[in-house]
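Scroll down for the structure; my scribbles are underneath it.
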Amino acid sequence: MEYNFRDIEKKWQDWWKENKIYKVSKDSSKPKYYALDMFPYPSGVGLHVGHPLGYIASDIFSRYKRLKGYNVLHPMGYDAFGLPAEQYAIDHGIHPAISTEANIKNFRNQLDKIGFSFDWDREVNTSKPDFYKWTQWIFLELFDSWYNRQTQKAERIKQLIQLFEEYGSDVPGVKPYAFSFTNSGWKSFDKKKRQEILMEYRLAYCGIGEVNWCEALGTVLANDEVINGVSERGGFPVVKKKLRQWYLRITEYADRLLEGLQKVDFSDSMKEMQGNWIGKSSGAEIDFRVRIDESVKETKETSSSDPSIEVVHVTITETEADESLRVYTTRPDTIFGVDFMVIAPEHELIDVITNPQHKKSVEEYITYVKSRSERERMAEKKITGVFTGAYALNPFNGRAIPIWISEYVLAGYGTGAIMAVPCGDQRDFLFAKHFNIPITNIIGSHFSGEEANPTKEAILQNSDFINGMVMKDAIDVVIKRIEEMGMGARKVNYKMRDAAFSRQRYWGEPFPIVWKNGIAYPLDEKDLPLELPHVDSYKPGPEGEGPLANIPEWTSRHLETNTMPGYAGSSWYFLRYMDPHNDKEFCNRKASDYWGQVDLYIGGTEHAVGHLLYSRMWTKVLHDLGYIGHDEPYKRLVNQGMIQGSSRFVYRVRGTNKFVSFGLKDNYQTDRIHVDVNIVDGVELDTELFKQWRNGDYMDAEFILENGKYICGTEVEKMSKRYFNTVNPDDLCIKYGADTFRMYEMFLGPVEMSKPWDTKGIEGVHRFLKKLWRLFYDDSPLSDKKGPGTKLWTDEKANEAELKVLHKAIRKIEEDTERFSFNTGVSAFMIAVNDLTDLKTHKKEVLEKLLILLAPYAPHISEELWHQLGNSDSILNAEYPTLEAKYLIESSKEYPISINGKLRTTITIPLGAPESEVEQIVLANEVIQKWLEGKPPKKIIYKEGKMVNVVV
RNA sequence: CCGGAUGUGGUGAAAUUGGUAGACACGUCAGACUUAGGAUCUGAUGCCGUAAGGUGUGGGGGUUCGAGUCCCUCCAUCCGGACCA
């Protein structure tokens, strides 16, 4: 009897479905386990072999946990709102709801073939009104909340109003408003003013933000749709445009998001990434008075020591300062090393302080900067900037410091202005060198003059009252002095900014907000969901608003025309799986208390900062408001690596129809063309399939072969349709079966690691499953003719050698599964099957347990053989075998013996032998004697159970 | 530029705690069986060398009896950087 995987897999997939083997419900008799995958965006091109990697890992772990006695929640759904569907609608006129539905069907089909243990009764779809009703509802909760800095919790807006009514704006816990007001002040404000103030506190709030606006396309573009200041499509100019935007006040949660990292099991690199993104830094804000009047006089001369340096002498007639410039610095200790100030090109003081003589150059510079994205500004090495003609005064010694504008200072961080210390900061240093600004050295020999030195250990010089102090100690001294003088304050800053929460697009959740007289009113809960209306055109509105602005029925109700971003639904979907059909609540508290945190979350690192931070914030808010009992959504996070494509190329001789093999291509002038990896075997092109490829575009191709073969060139690239390097899991499931496919994906390497896909090795895994099958059945062509006696298994008692193989496998596979080392787990199965084959073991006692071990990895074949052995229940309800260490005890070990750390021989020595005896055995050894050359050893290092090293 | 990761045979990789580098596979080579083999089985396989032996984990340096593993430094590749998801 042969291993007929096609019939077996179909049979059991149907059986599992019929018997609802994967249906899960609350069960307090077992401990719960929640294993979750990051749900996919159902794109039009379907799954490629990279997608299921994480799903297979979590599926193995879910089945493993179930066998170990847990009640396992393992759901799947679709993150179905998003730009690609909308773009597809624009290009093909097909409504996103329809294309999305079709894509989901296709995804589901593909997923089903791989044999996952998802409980599909719990499927979620973020674009369905019954789901996004609750996304909108949570948005309203955010809208109706503010962050109390004293209790460090989200609280209701009505509590804030109470505080304002009772005490005015200056209350502990309430972040300072732009100006302070008293309780009677609050009462004197009109409704609009009050709402304006409250908007500054809401966790979901409306403000003015900049977007990439492309006039020619009449639309707002994503950052990565903008390249070098022009649109990716069409190359039209893109400018910054101010638009009304929604934001999440995630910055208020910065500290809690940072602290929360300590109580979750994420990789260190993941925690580091999130930490860096939050970017907490402490320092001070310092006010510099600014001089812009006629009293400033500049005279220039060349430095006596270095003729390339131009020294500018500034004389200032003492008058009152006109303005003050606030900077943020983490290094107040370097205040006497400040040689210039730099403000962001968007800084509001620019118009005020720019000296008329410099006005033209400043305007030109700002126009140039406007055309560039923030990303480009951060990325480019080019040093640019312009002098404003204004000077700031050092608060301690009154020194006049020129104020420059440069794009390397970002408006969104700190105060959008910095004090530049060229001897200590490399960017400042390069800027000073580029514009010939003289550099003050406050760190003596620590500064080479060649590059900046950001040390905190140097002893300060040229620094007035902090001379002679170590820099890190001077930080507090300076801050205290500044606070005493009323020139600034200690300040903690975060790189993280509030998250933009609106998009000028169609295919997203509508905001349940109505605008009246410039005031945002939430819709009533009973009016939810606010359903996305049908549109005929996906063109943006007249002022760059979303397409909803073109619908009269929408605008006449004064509904918000923006929609929510892609990450809205994904910020809370893991809660919906717990109670997916509830139409009264987003998730019943009893359900969320039972399932609690996601015990295992698997997904790509690309979500390291976006999705993971947003969903952590939403969880914290829902926790603060009392809707759920935990405030971190994910207990353990595992990041799967990206599977890259391995592209194949053919080389066409220019101007001909001839294709030359890789090794000979240098003899010709050729063009490199991507060729479908699926018509290439390893690197050898199937020339016949190539001729039929792309509907016969290459029908008349001729080939220049090497050794009778056409060899392709290769390169690792992103897996993508356009590189023809995508491999479809369906094809592999048909050819080798789902079990082979699952195990091969795992066998490829560690789950966390990125690696290029190569189908070549899949045969090895398939052979392993066939070999396993042969432990149960004789599959030789003769056996079937001999009658039904092809089964091989027996009820004989297993011997010690066989039990040793089994228990070695139990130990190794359990260990590897627990630590997510599935690749070595698969190899442990191979070793076990190889060993059992060598021992000619066909004993049920051993094989049955091996099947249970294998069930998480290869569920179909395990279920089939399990039933063949006479069991009638699913193998998933079997009991996981327990390790019996007694079968693994060894009495001796083959020790590696090295001389000076170099391995020279191995000797088998009984375990537990005393050190003196081991030394004797080692020194008596022939090989060792030869290497000792009669000399006595200096030292012998013996590590029991490990090795022996003889030092000569 | 900033942040994160990775680098080991012809290939994917293993080495969990500083202790026999290359497990397990793919591929290749040789052989067996067979009408046949793209099935199966056996053996070999890091590199140099007939061998003894030498050498070997991106490059350079260090710590150690001992380094793929720890430290410093340089190089290369991949991922992310807020409206792609």
Side-chain angles (χ1 to χ4, degrees), chain A residues 38 40-41 43 79 81-84 87 211-212 220-226 245 267-270 272-273 275-277 279 374-381 408 412 426-427 495-500 502-505 508 565-567 570 604-611 613 639 641-642 644 681-682 716 718 744 747-750 752-765 767-768 770-771 774 779-781 815-816 819 821 823-824 826-831 834 894-906 938-941 943 945-952:
Chain A
M38 289 185 188
Y41 173 77
S43 79
D79 187 14
F81 275 133
L83 202 57
Q87 192 55 47
V211 294
N212 300 309
V220 172
L221 296 174
N223 273 352
D224 59 311
E225 292 176 303
V226 184
Q245 298 284 341
S267 69
D268 288 341
S269 59
M270 176 63 48
E272 212 167 314
M273 272 194 253
N276 287 332
W277 182 261
E374 194 162 278
R375 169 105 160 264
E376 285 172 320
R377 284 167 56 181
M378 287 191 283
E380 248 179 86
K381 287 180 187 159
Y408 81 91
Q426 187 63 14
R427 288 163 306 178
K495 245 191 309 203
M496 182 169 70
R497 282 174 259 162
D498 280 343
S502 48
R503 306 288 183 258
Q504 290 68 50
R505 302 286 184 181
Y567 66 82
S570 63
T605 25
E606 62 272 23
H607 300 287
V609 286
H611 160 64
L613 277 178
N639 289 111
M642 178 172 287
Q644 289 138 319
D681 180 22
V716 172
K718 203 174 172 143
Y744 182 58
F747 190 57
L748 220 47
E752 299 94 331
M753 209 77 78
S754 289
K755 57 231 151 195
W757 178 267
D758 185 355
T759 307
K760 266 272 159 182
I762 199 167
E763 299 276 357
V765 175
R767 265 173 225 158
F768 152 75
K770 283 198 278 192
K771 204 165 173 179
R774 285 200 298 271
D779 70 346
S780 63
E815 231 172 60
D816 285 350
R819 67 185 175 106
S821 180
N823 55 330
T824 54
V826 173
S827 99
F829 281 116
M830 290 172 170
I831 292 168
N834 288 346
E894 191 188 15
Y895 278 88
I897 317 293
S898 27
I899 309 275
N900 290 339
K902 258 195 194 340
L903 178 78
R904 293 305 175 187
T905 187
T906 59
K938 226 188 235 168
K939 202 169 153 201
I940 297 179
I941 292 156
K943 293 266 177 193
K946 296 270 188 197
M947 42 59 71
V948 180
N949 188 15
V950 181
V951 186
V952 184

key: Residue matched to B:C41 through Watson-Crick or wobble contacts both under 3.5 angstrom   = B:G31
query = Any donor-acceptor pair under 3.5 Å linking the side chain of A:Lys943 with the backbone of A:Asn949?
reply = no
request  = Report the base-pairing partner of B:A13 (Watson-Crick or G-U wobble, both distances below 3.5 angstrom), or none.
outcome  = none
B:G54 to B:G58 separation - P atoms, rounded to the nearest Å = 22 Å
inquiry  = Checking the side chain of A:Ser821 only, and the main-chain atoms of A:Asp816 only, is there a donor and an acceptor separated by less than 3.5 Å?
reply    = no
task = Mind calculating the distance between CD1 (A:Ile941) and P (B:A67) to the nearest angstrom?
result = 12 Å
key: Watson-Crick or G-U counterpart of B:U8, or none if no pair lies under 3.5 Å   = none
query = Under a 3.5 Å cut-off for both distances, is B:C2 Watson-Crick or wobble paired, and to whom?
reply = B:G80
note = The glycosidic conformation of B:G9, counting syn as within 90° of 0 and anti otherwise, is syn
message = Distance criterion of 3.5 Å, no angle test: do you see the side chain of A:Glu815 paired donor-to-acceptor with the base of B:U16?
response = yes
key: Pairwise P distance, B:G12 and B:A23 [rounded to whole Å]   = 15 Å
request  = Measure from the side-chain heavy atoms of A:Gln644 and tell me the nearest of B:C41, B:C65, B:C78.
outcome  = B:C78
query = So which heavy atom on A:Gly764 is nearest to which on A:Met830, and how close?
reply = O-CE, 4.3 Å
message = Please classify the nucleic acid contact of A:Gly610 as base, sugar-phosphate, or nothing, using heavy-atom distances under 4.0 Å.
response = nothing
message = Both A:Lys495 and A:Pro40 contact RNA chain B. Which one's nearest nucleotide lies toward the 5' end?
response = A:Lys495
query = Whole Å only: how far is the NZ atom of A:Lys902 from the P atom of B:U64?
reply = 18 Å
Working for side-chain contact (heavy atoms from CB on, under 4.5 Å), residues A:Ile897 and A:Leu903 = CA-CA 6 Å; A:Ile897 317 293; A:Leu903 178 78; 5.9 Å; no
request  = Between B:U55 and B:G66, how far apart are the P atoms? Round to whole Å, please.
outcome  = 15 Å
ask   = Under 4.0 angstrom, heavy atoms only, what part of the nucleic acid is A:Met753 near: base, sugar-phosphate, or nothing?
value = sugar-phosphate
inquiry  = Side chain of A:Met830, heavy atoms from C-beta onward: which of B:C24, B:U20, B:G12 has the nearest atom to it?
reply    = B:C24
query = Which word best sums up how the rings of A:Trp757 and A:Tyr744 line up, parallel for under 30°, tilted for 30 to 60°, or perpendicular for over 60°?
reply = perpendicular
ask   = For A:Glu272 and B:C2, what is the distance between atoms CD and C1' respectively, to the nearest whole Å?
value = 13 Å
ask   = Which part of the nucleic acid, if any, lies within reach of A:Phe747 when heavy atoms closer than 4.0 Å are counted: base, sugar-phosphate only, or nothing?
value = base
ask   = Touch check for A:Asn276, heavy atoms < 4.0 angstrom, all strands: base, sugar-phosphate only, or nothing?
value = sugar-phosphate
task = Mind calculating the distance between CG (A:Asp758) and C1' (B:U11) to the nearest angstrom?
result = 7 Å
message = Base, sugar-phosphate or nothing for A:Arg774? Non-hydrogen atoms, less than 4.0 Å.
response = sugar-phosphate
query = Looking for any heavy atom pair under 4.0 Å, which part of the strands does A:Ser502 touch: base, sugar-phosphate only, or nothing?
reply = base
ask   = Counting any heavy atom closer than 4.0 Å, what does A:Lys943 reach on the DNA or RNA strands: base, sugar-phosphate only, or nothing?
value = base
query = Considering only side-chain heavy atoms of A:Asn949, which listed nucleotide, B:C24, B:U20, B:G19, is closest?
reply = B:G19
inquiry  = Please check this pair: side chain of A:Tyr895 against backbone of A:Gly945, looking for a donor-acceptor N/O pair closer than 3.5 Å.
reply    = yes
key: Nearest-Å distance for atom pair OH/C1', residues A:Tyr41 and B:A85   = 8 Å
task = For B:G38 and B:U28, measure between their C1' atoms and round to the nearest Å.
result = 16 Å
inquiry  = What is the separation between atom CG on A:Asn900 and atom C1' on B:C65, rounded to the nearest whole Å?
reply    = 8 Å
inquiry  = Using the P atom as the point on both nucleotides, what is the distance between B:A25 and B:C41, in whole Å?
reply    = 11 Å
request  = Under 4.0 Å between any heavy atoms, over every strand shown, what does A:Lys755 touch: base, sugar-phosphate, or nothing? Just pick one.
outcome  = sugar-phosphate
task = In whole angstrom, give the distance that lies between atom CG of A:Asn823 and atom C1' of B:U16.
result = 12 Å
inquiry  = In whole Å, measure the gap between the P atoms of B:C24 and B:G43 for me.
reply    = 12 Å
key: Separation of the P atoms in B:A14 and B:G4, to the nearest angstrom   = 23 Å
query = Counting just side-chain N and O atoms, does A:Arg767 come under 4.0 Å of either OP1 or OP2 of B:G27?
reply = yes
query = When rounded to the nearest 0.5 angstrom, what is the spacing between CE in A:Met273 and CG in A:Leu613?
reply = 11.5 Å
task = Would you classify A:Glu763 as touching base, sugar-phosphate or nothing, given that sugar-phosphate means primed atoms plus P, OP1 and OP2, and contacts are heavy atoms under 4.0 Å?
result = nothing
Integer angstrom distance from the C1' of B:C48 to that of B:U40 = 36 Å
query = Can you find a side chain N or O atom of A:Arg904 that sits less than 4.0 Å from OP1 or OP2 on B:G54?
reply = yes
query = So which nucleotide from B:A85, B:A14, B:A82 ends up closest to the side chain of A:Pro750?
reply = B:A14
Closest-nucleotide ordering on RNA chain B, the 5'-leading residue of A:Asn834 and A:Lys770 = A:Asn834
ask   = A:Met270 CE to B:G80 P: how many Å, rounded?
value = 13 Å
remark   = As its Watson-Crick or G-U partner within any shown strand, both distances under 3.5 Å, B:G46 has B:U55
Rounded distance (nearest 0.5 Å) linking atom CD of A:Glu815 with atom OG1 of A:Thr824 = 9.0 Å
